[in-house]
Amino acid sequence: MSIHLLNRSTFGDPKNAGNLMPIEEAHALLNKWVPNERLRLHMKQVAAVMKAWAIEKEEADAQTALKWELAGLLHDADWEKYPDDHCRIIIEELERRNIDPEVIHCIASHGPRYFGVEPNNQMDKMIYAFDELSGFVHAAALIRPTRYEGLEVKSVLKRLKTPSFAAQVNRDDITDALSKIDVSLEDLIQFVIDHQKDVS
Ligand SMILES: [Fe+2]
């Protein structure tokens, strides 16, 4: 991924706190903006792990879980059509739709090195941690005849140490994201396997 600094630190309008969109509407946006099925699957997988994490680990209520899910589902929505303005376009779209600033900030901070926005809260930190790892786990599953069935954490760890495997996944981003949260890499990989294996 290339650098697309946003040169902004605040996103959305505080008066829109709590304004979300139905998940169906977010899926409709995704279907319109992202013709590439693989890329859509990536976003659905990140949405699934974000939602599951919110519910299982953060004791989120339904509204908060939807917030996490929306951020996951839309974080790369502009990547395919606007590769040179990745992140800026979806942020502006969500601002136009008066969406909760936390959702927008979460999307803006999903790649600090690329967009120049640091993760603030736990939702920001988790999307940063899940984004690359989710894609990596999926790559590790795809090369197996049984895919996710029987995929073990240790084999994912081994592939992470093999630079030529899924070389586009930046290992430094995963390490940096992990340094911001109190979760082990092993546990995070297991969580990703468990919660994205059935996403289609
Ligand atoms: Fe992503």
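In each ligand, atom 1 is the first atom listed, and ligand 1 is the first ligand listed. Note that the structure is a prediction, hence the values are computed from the model and not measured.
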Metal site the Fe ion (ligand 1): N/O/S of His75 inside 2.8 Å
yes

Centroid-centroid under 6.0 Å between His75 and His86 rings
no

Hey, is Glu25 close enough to Lys32 for a salt bridge, meaning N to O under 4.0 Å?
no

Output the atom name for the N/O/S atom of Asp76 with the smallest distance to the Fe ion (ligand 1).
OD2

Counting the benzene-type ring for Trp, do His4 and Tyr114 have ring centres under 6.0 Å apart?
no

Which is the closest N/O/S atom of His42 when seen from the Fe ion (ligand 1)?
NE2

Distance alone, cut at 3.5 Å: any donor-acceptor contact between the side chains of Asn121 and His105?
no

Would you name the N/O/S atom of Asp131 that lies closest to the Fe ion (ligand 1)?
OD1

